[in-house]
Amino acid sequence: MCGITGWASFHQDARTQAPVIEAMTAALTPRGPDAGGVWLGERAAIGHRRLAVIDLEGGAQPMTDRPEKPDLVLTYSGEVYNHHHLRTELRGRGHAFRTRSDTEVVLRAYEEWGESIADHLEGMFAFALWDERAQRLVLVRDRLGVKPLFWAAVDGGLAFASEPKALFAHPEIRPRVDADGLREAYSLLFDTGPTVWSGVREVEPGGVLVLDRGGVRERRYWQLEATDHTDDQDAAIEQIRALVGAAARSQLEADVPLCSLLSGGIDSTVLTALLADELRLREGPDARVRSYAVDYSDQAEQFTGDVLRTGHDTPYATEAGTFIGTDHSTVILDPRALLDPEHRKAVVVARDSPIGVGDMDTSLYLLFGKISEHSTVALSGEAADEVFGGYPWFHNPKALAAETFPWLLVTGDEAAMPLNPELDLRIAEFRDDTYRTALAAVPHLDGETPAEQRQREMQHLSLTRWLRQLLHRKDHLSMAQGLEVRVPYCDHRLVDYAFNAPWALKSFDGREKSLLRAIGTGLAPESVLHRPKSHYPATHHPDYNRGLQQMARDALATEQVRTLADETRIKPCLDTPPDRLQWGHRLRLERVVDLFLWLDHYRPEVAL
């Protein structure tokens, strides 16, 4: 797992701009603390920071097809899980290899298949390849968008990076925010493509972007499609069992210590059990996978349920770890650590965005820091809710009938930081227009009932939008701590199959995630199998609420925050007694604090 950056331009000689590519690459050092390198050619500059995971000695980057006068230069981030199979196939086609790395497999695969390379790769990845012969830059992103890839125009070409902060080290790209960016950020619609930064875009998940002398062209090599599903319930369960198991097994390879994130929910428990079983098969009956959970010092006494959390995680995670036989640890965080300004700033800088979820982001960042002391790779149950229909909006008649993005019924304006009405951003109108565009992209089959069509829309919106911000959050916060997080439930074959399984199969036992629960029998304790959905934990300590209110007051004392935020709607959150502050109002304060930290760090030009 790594950080990639660089640019290509047909109007300037990149060989004269070594300090620029070095600065861009240095901005990504947290993503790749083990090594770094740059390559300079006449028309392109390529940079790389490395977190060594596979072939620690042989996977240095940027990687070229040959040492002298290379035709191909690759900077690559991620993991290609079928690289052993591809290596065998490519050797059969005459390619020679000098390393064990999956990086070189990607390089040789481009030699063989050119721009069609992505069709052959399975995994999570973002990479850029400069083709000296064709004078062409090719950017590729994995199907679900697990790994980030941003780009912006420069004179005669474009620059790219794993994070916007590296783009801002280029002299032609400055941090700038306009009305469109604020609408994208604060509408909570999680679009693919645009970002909060003016002129900075993402390569689409499942997308290829090519720059040559003819300009820039983009295409999708993968997207969700509607296909007929012919398996009955028993066959569907067996197919899900096979797909989840294959995804989990394929992601165990690493030449560094590996662990699992075990929250005590069914998603992470089933995954951890499969990993533990596979590890014992490979290394012997005494092998134990290391697992981690997070908790807060106040939770045992002060936990109270809310709209997102149905129970205290730690007892379930501990029971699951014992049942599976993991080496389990719970990282306990104190409210004071969550309020530490340096921690909060580090999180905002890691995200490159003012939009997050406050203490939950900070706690995840601190958890990843603790894990990285012992492990370099962690496997996570992220995306199971999107794949198997776990969220409340799949089951709530009100959400199903609502003509808007379903999560807005949970987060909505209650949780969003209200922007100054004088900005006249027309957020409601923007949401309506975006929702219609999003629905138009949902594929359907002839003969589907209205109920089936609606569930397909819900899953498509969840997989292409809601999941996007969760993957961003996990990638940026983990990589800021030098930790690679893998997400087996994002295997595109599993996603394809589950997307086309009828809703009756996904809910055959009258509950959420029926197919996952069916394969979890014997892998998880009964208490976990039948536990209601509960989101990532948050602290309930009044001292945290009190400290957050003070930080929000300090933020609102600055002119630029007051210019952007609606003080009249924030003031009631400041005046509420700390022990009575509700989750939605607290998140509003979190967004005020994050906005201040973001403005203070980036000093962006705000052009409204």
Side-chain angles (χ1 to χ4, degrees), residues 1-7 24-25 27-32 46-51 53 61 75-80 106 118 121 123-129 138-152 158-170 173 175 181 184-185 190-197 199-209 218 220 222 347-356 361 364-365 368 380 382-383 463-487 490 492 598 602:
M1 195 62 64
C2 309
I4 67 173
T5 192
W7 76 86
M24 294 174 71
T25 304
L28 298 175
T29 298
R31 296 188 74 92
I46 307 293
H48 187 268
R49 290 297 315 185
R50 188 182 187 206
L51 178 66
V53 172
Q61 297 185 53
T75 183
Y76 160 79
S77 171
E79 305 292 345
V80 170
V106 173
L121 306 180
M124 57 178 192
F125 47 82
F127 60 87
L129 196 146
V138 180
L139 306 182
V140 181
R141 192 175 180 197
D142 67 70
R143 294 166 178 82
L144 273 294
V146 179
K147 302 312 299 176
L149 185 52
F150 298 88
W151 68 280
L158 65 84
F160 63 89
S162 296
E163 299 176 5
K165 62 174 63 67
L167 294 176
F168 299 146
H170 192 288
I173 307 170
E184 289 289 346
F190 315 118
D191 201 359
T192 56
T195 71
V196 65
W197 301 108
V200 176
R201 296 183 60 83
E202 287 189 82
V203 175
E204 294 272 6
V208 176
L209 184 149
E218 296 181 78
R220 299 287 292 274
W222 181 89
V347 167
V348 170
V349 173
R351 288 195 319 248
D352 283 323
S353 169
I355 293 298
D361 280 1
L364 195 61
Y365 172 81
F368 288 152
S380 166
E382 203 78 81
L463 285 166
T464 60
R465 288 178 176 268
W466 179 257
L467 179 60
R468 172 180 179 264
Q469 51 94 20
L470 297 179
L471 293 175
H472 265 282
R473 173 183 180 232
K474 190 145 285 181
D475 173 86
H476 287 263
L477 298 181
S478 62
M479 293 304 294
Q481 295 283 24
L483 179 72
E484 172 183 303
V485 175
R486 299 176 182 175
V487 281
C490 283
H492 72 278
W598 179 71
Y602 290 96

Which atom pair, heavy atoms only, marks the closest approach of G47 to T25? CA-OG1, 3.3 Å
Interatomic spacing from CG in L144 to CH2 in W222 - rounded to 0.5 Å: 5.0 Å
Across all chains, not counting sequence neighbours, the ring-ring contact (aromatic ring centres under 6.0 Å, His included) partners of Y365 are none
Could you report the tightest heavy-atom contact between R351 and D361, atom names first, then the distance? NH1-OD2, 2.7 Å
Rounded at 0.5 Å granularity, tell me how far NE2 in H48 sits from CZ in R31. 10.0 Å
What residues, two or more places apart in sequence or in another chain, satisfy side chain to side chain contact (heavy atoms under 4.5 Å, CB included) together with R201? W151, P194
Any sub-3.5 Å donor-acceptor pair from Q469's side-chain atoms to W466's backbone N or O? yes
Taking all heavy atoms of P205 and all of R141, pick out the closest pair and write down the distance. CD-NH1, 3.7 Å
Taking the six-membered ring for Trp, are Y76 and F127 parallel (under 30°), tilted (30 to 60°) or perpendicular (over 60°)? tilted
Closest non-hydrogen atom pair, T464 against T192: O-CG2, 3.7 Å
Is the H476 ring parallel, tilted or perpendicular to the H472 ring (thresholds 30°, 60°)? parallel
Taking E484's backbone N and O only, do any of them form a donor-acceptor pair with S478's side chain (distance below 3.5 Å, no angle check)? no
To the nearest 0.5 Å, how far apart are CG in L28 and CG in L51? 12.5 Å
Nearest-0.5 Å distance, CZ of residue R465 to CG of residue D191: 4.5 Å
For the residue pair R143 and A118, what are the closest heavy atoms and their distance? NH2-O, 3.2 Å
The side chain to side chain contact (heavy atoms under 4.5 Å, CB included) partners of A128 (sequence neighbours excluded) come to T75, L137, L139, F160
Worked check of side chain to side chain contact (heavy atoms under 4.5 Å, CB included) between L209 and E218: CA-CA 4 Å; L209 184 149; E218 296 181 78; 3.6 Å; yes
Nearest 0.5 Å, what's the SG-CZ distance between C2 and F125? 14.5 Å
Shortest non-hydrogen contact from I173 toward A152: CD1-CB, 3.8 Å
Side chain to side chain contact (heavy atoms under 4.5 Å, CB included) between M124 and C490: does it pass, once the steps are laid out? CA-CA 9 Å; M124 57 178 192; C490 283; over 6 Å; no
I'd like to know whether V208 forms a side chain to side chain contact (heavy atoms under 4.5 Å, CB included) with V138, so could you lay out the CA-CA distance, the side-chain angles of the two residues, the decisive distance to 0.1 Å, and finally the verdict. CA-CA 7 Å; V208 176; V138 180; 4.1 Å; yes
Nearest 0.5 Å, please: how far is CZ in R49 from CE in M479? 11.0 Å
Is there a donor-acceptor pair under 3.5 Å between the side chain of K165 and the backbone N or O of V349? yes
Aromatic ring proximity W197/F150, centre distance under 6.0 Å: no
